[in-house]
Amino acid sequence: MKNNDKIESASPYILPSLPYADNVLVPVISANTIGFHYGKHHKGYVDNLNKLNSRNGVCEPDVGENHHRDSRQSRQTAIFNNAAQTWNHTF
Ligand SMILES: [Fe+2]
């Protein structure tokens, strides 16, 4: 494996730059609305995905199998929801 073949695992989800000024859609959509959905919602979903990804494979040592399964399902649901909202806000 070469150095440039290295797999990056830390924070793989990146908030892309907004490809237009936040006031370009005024008066239909305000800069405040764009800023809210981009700077707060979109950024939040990307940050959540990175947090969920950083806990990949982590499990608590003294919990029962049912708790472990429920925890895994909750995490998968959280990943799905945050990925879906990231896609939605990217679109
Ligand atoms: Fe939003």
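Whatever order the structure lists ligands and atoms in, that order sets their numbers, starting from 1.
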Peer 1: Taking salt bridge (Lys or Arg N to Asp or Glu O under 4.0 Å) as the definition, give me every residue that meets it alongside Asp70, ordered by chain and number, with sequence neighbours left out.
Peer 2: none
Peer 1: Using links of under 4.5 Å between side-chain heavy atoms of ILVMFWY residues, direct or through other members, which residues join Trp87 in one cluster?
Peer 2: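 Under the 4.5 Å side-chain rule, Trp87 groups with Phe91.
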Peer 1: Check this for me: does any side-chain nitrogen of one of Lys51 and Asp47 sit under 4.0 Å from a carboxylate oxygen of the other?
Peer 2: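 Result for this pair is no, no salt bridge flagged.
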Peer 1: Parallel under 30°, tilted from 30 to 60°, perpendicular over 60°: which one fits the rings of His89 and Tyr45?
Peer 2: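 Ring orientation of His89 relative to Tyr45: tilted.
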Peer 1: If you leave out waters, which protein N, O or S atoms are less than 2.8 Å from the Fe ion (ligand 1)?
Peer 2: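 N, O, S partners closer than 2.8 Å: His37 ND1, His41 ND1, His89 NE2.
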Peer 1: Given side chains that start at C-beta, do those of Tyr13 and Thr86 come closer than 4.5 Å, heavy atoms only?
Peer 2: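 Answer no - side chains too far apart.
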Peer 1: So which pairs with a foot in residues 15-28 pass side-chain hydrogen bond (donor to acceptor under 3.5 Å, both in side chains), sequence neighbours left out?
Peer 2: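 As it turns out, there is no side-chain hydrogen bond (donor to acceptor under 3.5 Å, both in side chains) pair with a partner in residues 15-28 once direct neighbours are skipped.
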